[in-house]
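When reading the values below, keep in mind they use all heavy atoms of this one structure, side chains included, and skip hydrogens, waters and symmetry mates. Residue numbers start from 1 in every chain, and the chains themselves are labelled A, B, ... in the order their sequence lines are given, proteins ahead of strands.
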Amino acid sequence: MKKIELVSEIDLNGLYSWLQHPEAGGIDLFIGSVRNHAHGKSVIKLVFEGYEPMAIHQMNKLADQAIKQWPLKRLLMIHALGSKNIGDPVVVIGVATAHRNDAFEACKFLIDELKNTVPIWKKEHFTDHTVWVNAHP
Amino acid sequence: MKKIELVSEIDLNGLYSWLQHPEAGGIDLFIGSVRNHAHGKSVIKLVFEGYEPMAIHQMNKLADQAIKQWPLKRLLMIHALGSKNIGDPVVVIGVATAHRNDAFEACKFLIDELKNTVPIWKKEHFTDHTVWVNAHP
Amino acid sequence: MEVLLFGISKEITGQQTLDVSSDLKINTVLELKKWILEKYPEMGNLDSFAIAVDQEYANDELNISDGQEIALIPPVSGG
Amino acid sequence: MEVLLFGISKEITGQQTLDVSSDLKINTVLELKKWILEKYPEMGNLDSFAIAVDQEYANDELNISDGQEIALIPPVSGG
């Protein structure tokens, strides 16, 4: 069972209950959040923009790849869009498996690939300017 | 900052807030829970016993090793003792780091080593018998 | 043909979408990329950019036409 | 000398702790392990067991004495 969502606010409560499965002994949950600095400068907030239908489609493809590769009982990928403050959760990846190594591997695969291929863009707001991340070499 | 605990009930709410740190962009949370089967048989419940002061001491040693090896902003290790039902969380490892690979590596190290060295024992209760796990070859 | 824009490409072009006139006879992803770079040379400063056709990343050789959902994908930075 | 017991070792010995008489002249971890195996041969069916001295895993050569916290550690299975 998988849950793939783009949301304006990530609510962490209830995610464990959703990931629980009687045959799953290991759950790995990765939570990416807004750091207070980037390239040595102070970040005030981040704004995320997504090409929403393609992002959902690509997240589903990654989920299906992971489900083929590891025996996953539950899989969730949730990404926030819009304006986010320091400490806010931005992305959550969660998997439940019978054995913990599968959970770690699948979770790492999903967040690495999400960052490489899912069409979502992050704009860093500093005190005096803004930057679209990754855009420039 | 580290949090090392043995508890009778693991409360997952609030763990994310505790792990949050303004310089940490990645949090990895591993949750081990009670599966409904072991060696092909139905588990009814698990009972955990610990040599509590030594368990806390050994968990602290592992935490200190991890803190030396990876730049961790937050680290928590919580293990439940007593009787646990299917689906109950039994152990939680959480780390917050600036970069996500450190979070995955440290989290995996901590749960692997906890399972190898921390003096806690699990008794599986099946419908008609009980087994101390790992005791026999 | 209309090309959806996101992130920095909206700022570079000053538009929400690009209209590509059929007079331009753009038939492949590569031709579209070349036209975009000619019209908006600043796009060449990006690390890279991709074209998505019907929500899939497209090869340069892929033929494109009017009925498809075409998008310009600057380097992604989610997560 | 008193040895703390946990998990399966309490069931094998039928006790909560082991009392080791000073008459036995047990001075090292190895001597203690041998005495336990002689007195409770069923302990030999365990995968392995360790001795902890003052909450640290102890080598066989380590000297032990009365004032220390000594525990028999069957194979652990937390997590």
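A:His79 contributes a side-chain N or O that, together with a main-chain N or O of C:Gly79, makes up a donor-acceptor pair within less than 3.5 Å. In this structure, the side chain of A:Lys123 does not engage the main chain of C:Gly7 through any donor-acceptor pair within 3.5 Å.
Of all the heavy atoms in C:Val76 and A:Pro119, the pair that sits closest is CG1-CA, 3.7 Å. Across every non-hydrogen atom of A:Gln58 and C:Gln55, the tightest pair is NE2-O, 2.8 Å. When every heavy atom of C:Leu5 is checked against every heavy atom of A:Glu49, the shortest pair comes out as O-OE2, 4.4 Å. The two residues A:Trp121 and C:Ser77 make their nearest non-hydrogen contact at CA-OG, 3.5 Å.
Across A:Val133, A:Asn116, A:Asn134, a single residue satisfies side chain to side chain contact (heavy atoms under 4.5 Å, CB included) together with C:Pro75, and that is A:Asn134.
If you measure heavy-atom distances from A:Lys115 to chain C, the contacts under 4.5 Å come from both the backbone and the side chain. For C:Phe49, no part lies near chain A; criterion is any non-hydrogen pair under 4.5 Å. Residue contact with chain C, scored on non-hydrogen atoms closer than 4.5 Å, involves the side chain of A:Phe48 exclusively. With a 4.5 angstrom heavy-atom cutoff, C:Glu56 touches chain A via backbone and side-chain atoms both.
Taking OG1 from A:Thr117 and OH from C:Tyr57, the interatomic distance works out to 5.5 Å, rounded to the nearest 0.5 Å. Taken to the nearest 0.5 Å, the CD1 atom of C:Ile73 stands 4.5 Å off from the CE atom of A:Met54.
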Can you check side-chain contact (heavy atoms from CB on, under 4.5 Å) on C:Lys10 and A:Trp132, steps first, answer last? CA-CA 11 Å; C:Lys10 283 194 289 198; A:Trp132 283 104; over 6 Å; no
